[in-house]
Participant: 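Next up is a structure, given as structure tokens.
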Amino acid sequence: MISPLGAAQPMKFVWLIFFLLLSADLLAQEKSAVKYAISRGGSAAYESPVSVIKELRLLEKYKLNGEVVSVSGSSKQIEALLDGRSHFSQTDSAAPVAAFLRGADLVLVAGALNKFPWSIATQSSIHEPADLIGKKIGIANFGGQQELSIWLILKEWNIPASAVHIVPSGDAVNRLVGLSTKALDAAVLAPPDTFTAAKMGLPILANLAEMKTALPLDVVATRRSLFEKNRDAVKRLLRAFVEAVHVAKTNRSKMIAVLQKQLREDDPIAAAGVYEYHAVQFSFPPRIDREGLRLAAQLIAEKIGPAKHLSEIDRLVDESILDEFEKEGFFKSLR
């Protein structure tokens, strides 16, 4: 005859299993309830990987509960990242580098561009770089990659940065207006705005993608604390980002549709021109040029003053998840 005590032991085991399963289920529900915000700064064509993520529903494909949100300006994007209003940011490298040099808890996990996607459009009276001396060059704003790109191209041309007037002029539409009214002598633009400049009879002095040096652009930033505590979410986001970069680089038909919507461009031929200009510039796999990052850090440190973290700038990058993708064959599976 089985004693009551003996009969109770199997029941205790069953209840233990039940509570363990229930706890695991509740934990999974809690994790899935977190909605990750992926911020983007604008709608320029070189920022199209996040548009691809949104339009092709890649977050759903890789089972990440998230949404794409707009946060104007790279500095504001980093602020939103650091105060928890967003979890990931597709931004230029200047703002996260500046924040890191000041001690911010940040990490860069991927980068879609290691070239400047802009050109310098000018008034017809400007024929060579030396003609820019004393002239006004319009950029989006101070503190971003457009300003750094002007510093670098002037250095290549042996023109002191102090010899020109860099003018924060807002978005590309404002810069085009500045050129048309001659309030600006030159401006930094990218397709399709360079196409508009050509129609206005404004020459292109230089294509910055052809510069000898460039800095990482269009990087994915997150808080290091989030990276360490929820690596699975970061990995899911990066799967979506990597596939989006591959589409942006190789899938002409899908990208023309995405760019038409992103740029509000009715003409598929114009969208095709934008695709062809940018596709060759994207990096796949989307790794960050470390030499370019160090150069960015040096330039920014010169501007913001002594930066105690300058010697540790390589710590800003962690591509260990991309390394895992390499070993797992994820990159090859997309080709």
Side-chain angles (χ1 to χ4, degrees), residues 31 34-41 46-54 58-59 61-69 71 74 77-82 84-101 103-114 145 215-249 282-294 296-297 309 312-331 334:
K31 283 187 175 181
V34 176
K35 192 160 192 175
Y36 293 93
I38 301 99
S39 71
R40 60 180 299 170
Y46 65 83
E47 297 172 300
S48 60
V50 167
S51 292
V52 175
I53 287 175
K54 185 176 180 180
L58 295 180
L59 296 180
K61 177 177 179 178
Y62 293 108
K63 296 180 173 55
L64 181 70
N65 183 14
E67 63 178 345
V68 175
V69 298
V71 179
S74 57
Q77 280 183 273
I78 298 305
E79 288 174 12
L81 201 62
L82 292 173
R85 284 177 289 134
S86 68
H87 302 88
F88 303 99
S89 179
Q90 179 189 11
T91 181
D92 64 47
S93 63
V97 164
F100 175 82
L101 293 179
D105 168 45
L106 288 175
V107 63
L108 304 183
V109 293
L113 271 179
N114 288 292
Q145 296 287 64
L215 314 178
L217 186 68
D218 199 16
V219 298
V220 177
T222 189
R223 296 188 304 278
R224 183 169 290 279
S225 54
L226 186 150
F227 180 84
E228 292 173 351
K229 292 176 183 177
N230 202 342
R231 187 182 178 88
D232 179 66
V234 181
K235 193 166 185 176
R236 291 176 189 276
L237 182 278
L238 282 184
R239 285 191 184 277
F241 185 76
V242 168
E243 181 167 340
V245 174
H246 186 261
V247 170
K249 189 170 182 65
F282 285 116
S283 301
F284 189 85
R287 294 186 180 274
I288 295 169
D289 183 336
R290 303 299 180 90
E291 185 177 345
L293 189 74
R294 295 183 197 109
H309 297 280
E312 302 174 6
I313 191 63
D314 284 347
R315 288 187 58 251
L316 178 58
V317 179
D318 190 321
E319 293 184 344
S320 57
I321 291 178
L322 296 185
D323 295 338
E324 290 172 17
F325 289 165
E326 195 89 58
K327 293 175 183 177
E328 295 164 1
F330 181 60
F331 298 139
L334 296 173

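In this text, all values refer to a predicted model and were calculated from it rather than measured experimentally. This chain uses plain numbering: 1 for the first residue, then up along the sequence. Excluded from the calculations below are hydrogen atoms, water molecules and symmetry mates; all remaining heavy atoms, backbone and side chain alike, are included.
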Participant: With heavy-atom distances below 4.5 Å as the criterion, would you say the side chains of Ile53 and Ile38 are in contact?
Facilitator: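 Answer no - side chains too far apart.
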
Participant: Look up atom OG1 in Thr91 and atom CG in Leu217, then write down how far apart they are to the nearest 0.5 Å.
Facilitator: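 Reported value, rounded in 0.5 Å steps: 8.5 Å.
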
Participant: Kindly indicate, with the supporting measurements, whether the criterion side chain to side chain contact (heavy atoms under 4.5 Å, CB included) is fulfilled by Leu237 and Leu59.
Facilitator: CA-CA 7 Å; Leu237 182 278; Leu59 296 180; 4.0 Å; yes

Participant: Once rounded to the nearest 0.5 Å, what's the spacing between atom CD1 of Ile321 and atom CD of Glu326?
Facilitator: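 Between atom CD1 of Ile321 and atom CD of Glu326 there are 14.0 Å.
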
Participant: Quick check: closest heavy atoms across Ala240 and Leu58, and the distance to 0.1 Å?
Facilitator: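 Here Ala240 and Leu58 meet closest at O-CD1, 3.5 Å.
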
Participant: Any chance you could lay out the side chain to side chain contact (heavy atoms under 4.5 Å, CB included) test for Phe331 and His246, step after step, and finish with the verdict?
Facilitator: CA-CA 9 Å; Phe331 298 139; His246 186 261; over 6 Å; no

Participant: Roughly how far, to the nearest 0.5 Å, is OH of Tyr36 from CG of Leu226?
Facilitator: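 Reported value, rounded in 0.5 Å steps: 6.0 Å.
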
Participant: Can a donor-acceptor pair be found, under 3.5 Å and without considering hydrogens, that links the side chain of Asp289 to the backbone of Pro216?
Facilitator: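 Not confirmed, Asp289 side chain does not pair with Pro216 backbone.
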
Participant: Please tell me if the side chains of Arg290 and Glu319 come closer than 4.5 Å, counting only heavy atoms from C-beta onward.
Facilitator: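 Of all side-chain heavy-atom pairs linking Glu319 with Arg290, at least one is under 4.5 Å.
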
Participant: Below 4.5 Å, heavy atoms only, C-beta onward: do Tyr62 and Val242 meet side chain to side chain?
Facilitator: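 The answer is no; the side chains never approach within 4.5 Å.
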
Participant: Say whether, by atom type as modelled, one donor and one acceptor occur between the side chain of Asn114 and the main chain of Arg287 under 3.5 angstrom.
Facilitator: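 Yes, because the side chain of Asn114 sits within donor-acceptor range (under 3.5 Å) of the backbone of Arg287.
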
Participant: To check you understand the geometry: which heavy-atom pair defines the closest contact between Ile78 and Ala99, and what is its length?
Facilitator: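 Ile78 and Ala99 have their closest heavy atoms at CG2-CB, 3.9 Å.
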
Participant: Roughly how far, to the nearest 0.5 Å, is CZ of Arg239 from CD of Glu328?
Facilitator: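 Those atoms lie 5.0 Å apart.
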
Participant: Just so I know, are the side chains of Val71 and Ser86 near enough to count as touching, which here means a heavy-atom distance under 4.5 Å?
Facilitator: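 Sidechains of Ser86 and Val71: no contact.
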
Participant: Is there a side-chain contact between Ser320 and Phe227 in this structure, where contact means two heavy atoms from C-beta onward sitting under 4.5 Å apart?
Facilitator: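 The answer is yes; the side chains approach within 4.5 Å.
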
Participant: Of the non-hydrogen atoms in Ser225 and Asp105, which two are nearest, and what is the gap between them?
Facilitator: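 Looks like OG-OD2, 3.0 Å.
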
Participant: I'd like to check Val109 versus Phe88 (side-chain heavy atoms, cut-off strictly below 4.5 Å). Are they in contact?
Facilitator: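 SC-SC contact between Val109 and Phe88 ruled out.
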
Participant: Is there a side-chain contact between Leu322 and Pro285 (heavy atoms, below 4.5 Å)?
Facilitator: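 Side-chain contact under 4.5 Å: no.
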
Participant: What's the spacing between Asp318 CG and Arg224 CZ if we round to 0.5 Å?
Facilitator: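 The distance works out to 5.5 Å.
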
Participant: Identify the two heavy atoms, one from Ala297 and one from Leu101, that lie closest to each other, and give their separation to 0.1 Å.
Facilitator: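 Heavy atoms only, the tightest pair is O-CD1, 3.8 Å.
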
Participant: Counting C-beta onward and ignoring hydrogens, is there a side-chain heavy-atom pair between Glu324 and Phe330 closer than 4.5 Å?
Facilitator: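 Not touching, per the 4.5 Å side-chain cut-off.
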
Participant: Can you list everything that forms a side chain to side chain donor-acceptor pair (under 3.5 Å) with Lys54? Sequence neighbours excluded, please.
Facilitator: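 If we apply the side chain to side chain donor-acceptor pair (under 3.5 Å) test to Lys54, skipping adjacent residues, there are no hits.
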
Participant: Looking at Val68 and Arg40, what are the two nearest heavy atoms and their distance?
Facilitator: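 The pair with the smallest heavy-atom distance is CG1-CD, 3.7 Å.
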
Participant: With sequence neighbours excluded, tell me which residues meet side chain to side chain donor-acceptor pair (under 3.5 Å) with Arg294.
Facilitator: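 Partners of Arg294 by the side chain to side chain donor-acceptor pair (under 3.5 Å) criterion, ordered by chain and then number, come out as Asp314.
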
Participant: Side chains of Ser39 and Arg85: any donor to acceptor distance under 3.5 Å?
Facilitator: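 There is no such pair between these side chains.
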
Participant: Which is it for Leu106 and Leu82 under the side chain to side chain contact (heavy atoms under 4.5 Å, CB included) test, yes or no, and what are the steps along the way?
Facilitator: CA-CA 8 Å; Leu106 288 175; Leu82 292 173; 3.7 Å; yes

Participant: So, using salt bridge (Lys or Arg N to Asp or Glu O under 4.0 Å) as the criterion, who are the partners of Glu47 when residues are at least two apart?
Facilitator: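 Salt bridge (Lys or Arg N to Asp or Glu O under 4.0 Å) check on Glu47 returns nothing, list empty.
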
Participant: So, the side chain of Gln77 versus the backbone of Gln90: is there a donor-acceptor pair under 3.5 Å, distance only?
Facilitator: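 Yes; at least one donor-acceptor contact below 3.5 Å.
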
Participant: Testing the basics here: between Ile313 and Leu293, what is the closest heavy-atom pair and its distance to 0.1 Å?
Facilitator: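 Scanning both residues completely, I find the closest heavy atoms to be O-CD2, 4.1 Å.
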
Participant: How far does CG of Leu215 sit from OG of Ser93, to the nearest 0.5 angstrom?
Facilitator: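 One gets 5.5 Å once the value is rounded to the nearest 0.5 Å.
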
Participant: Under 4.0 Å between a side-chain nitrogen and a carboxylate oxygen: does that hold for Arg236 and Asp232?
Facilitator: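 Here Arg236 pairs with Asp232 in a salt bridge, since their nearest N and O are under 4.0 Å apart.
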
